[in-house]
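The block underneath contains the structure these notes are about, expressed in structure tokens.
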Protein chains: 2
Amino acid sequence: MNALFKSLSDPTRREILQLLKDTDLTAGDIASHFDISKPSISHHLDLLKRSGLVSVRRDGQFLYYSINTTILEDLMQWVMNLKH
Amino acid sequence: MNALFKSLSDPTRREILQLLKDTDLTAGDIASHFDISKPSISHHLDLLKRSGLVSVRRDGQFLYYSINTTILEDLMQWVMNLKH
DNA sequence: TATATATTTAGATAAATATCTAAATATTAA
DNA sequence: TTAATATTTAGATATTTATCTAAATATATA
């Protein structure tokens, strides 16, 4: 749960999730949307992966990232619980 | 929105919110639940306040903190939007 | 097989954050 | 008005995090 919150606490990572909302993208596609180096984006993707917010599959040279909304249920539950 | 996510990214602050779920508490009451100095807790409370997650009222010498769940609607919306 | 492309990993650095102690402020009570 | 209590503010420090460049790994293609 901490990894999830930590993951969502960075604006770049939240924007990555927005990009992945509509379609799966390669690491390069994602990186090209930001004015940040590829290794940095790769690091953000790694954190998103570790927290369960994205998953990745290889297609040849490319790594396709996709959003995983299942884990967001936990967040919803946490929020609901806090609201009583 | 960033302040909200940042606020929720720290485990101590999330635990503070859990404490405030049931009842309003003074800064001292909150601090006594943790093995962290009062100034540090005061700092966490300040961040929670700035993000809109808690509000505070004075009663004599005491400052009572209470949870504000209204702002959590924004978070719910953000999550829902991400899920489409 | 050698080279090009896509991406990550490693290692360093700078910025942000959590924490501490000491001092300041606000209120109450003697 | 002085002393006690509650809490914050100030300033310093250590840890975490975001970022960078350079090097390594994986796959595809000439």
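Predicted model only: the values in this text are computed from it and were never measured.
Counting only heavy atoms from C-beta outward, the side chains of B:L72 and A:M80 never approach each other to under 4.5 Å. A:L53 has its side chain out of reach of A:N68: every pair of non-hydrogen atoms, C-beta onward, lies at least 4.5 Å apart. Side chains of B:T12 and B:I41 form a contact here, defined as non-hydrogen atoms less than 4.5 Å apart.
Atom NE2 of A:H43 is separated from atom CG of A:L47 by 4.0 Å, given to the nearest 0.5 angstrom. Here the CG-CE distance, from A:D74 to A:M76, works out to 11.5 Å after rounding to the nearest 0.5 Å. Note that CG of A:L82 is 5.5 Å distant from CD of B:Q18, once rounded to the nearest 0.5 Å. The distance from the CG atom of B:L8 to the OG atom of A:S9 is 10.0 Å, given to the nearest 0.5 Å. The OG atom of B:S51 lies 11.0 Å from the CG atom of B:L75; values are rounded to the nearest 0.5 Å.
Per the geometry, CG belonging to B:L8 stands 14 Å off P belonging to C:dT17, to the nearest Å. Per the geometry, CG belonging to B:D46 stands 13 Å off C1' belonging to C:dT17, to the nearest Å.
Extent of DNA chain D lying under 4.0 Å from chain A heavy atoms, first and last nucleotide in 5' to 3' order, is D:dT17 to D:dA28.
Interface residues of residues 10-19 of chain B facing DNA chain C, ordered by number: B:D10, B:R13; criterion, heavy-atom separation under 4.0 Å. Contact check of residues 52-65 of chain A against DNA chain C (heavy atom, cut-off under 4.0 Å) returns A:Q61, A:F62, A:L63, A:Y65. Taken residue by residue, residues 20-32 of chain B places no heavy atom nearer than 4.0 Å to DNA chain C.
The pair A:R50-A:D46 meets the salt-bridge criterion, with a side-chain N (NZ, NE, NH1 or NH2) lying under 4.0 Å from an Asp/Glu carboxylate O. A salt bridge links B:R57 with B:D24: the closest approach of a Lys/Arg side-chain nitrogen to an acidic carboxylate oxygen falls below 4.0 angstrom.
Nearest-nucleotide mapping onto DNA chain C: of A:S40 and B:S40, the residue sitting toward the 5' end is A:S40. Looking at which nucleotide of DNA chain D each of A:K6 and A:S37 is closest to, the 5′-most match is held by A:K6. Nearest-nucleotide assignment on DNA chain C puts the 5′-proximal partner with A:S42, out of B:I36 and A:S42.
B:H44 comes within 4.0 angstrom of sugar-phosphate atoms only, judged by non-hydrogen atoms across all strands, and of no base.
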B:H44 vs B:F34, test: side-chain contact (heavy atoms from CB on, under 4.5 Å). Steps then yes/no. CA-CA 12 Å; B:H44 284 305; B:F34 298 91; over 6 Å; no
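In this structure, the side chain of B:K49 does not engage the main chain of B:V54 through any donor-acceptor pair within 3.5 Å. Proximity of a side-chain donor or acceptor of B:R13 to a complementary backbone N or O of B:S7 within less than 3.5 Å is detected.
Nearest heavy-atom pair across B:D10 and A:K6 is CA-NZ, 4.4 Å.
Across the helix from C:dT1-D:dA30 to C:dA30-D:dT1, the helix axis at one end is tilted relative to the axis at the other end by 10° (nearest 10 degrees, each axis from five pairs).
Clustering of Ile, Leu, Val, Met, Phe, Trp and Tyr by side-chain heavy atoms under 4.5 Å joins B:Y64 with B:F62.
With A:Y65 as reference, A:L20 is the one residue of A:I16, A:T26, A:L20 to meet the side chain to side chain contact (heavy atoms under 4.5 Å, CB included) rule.
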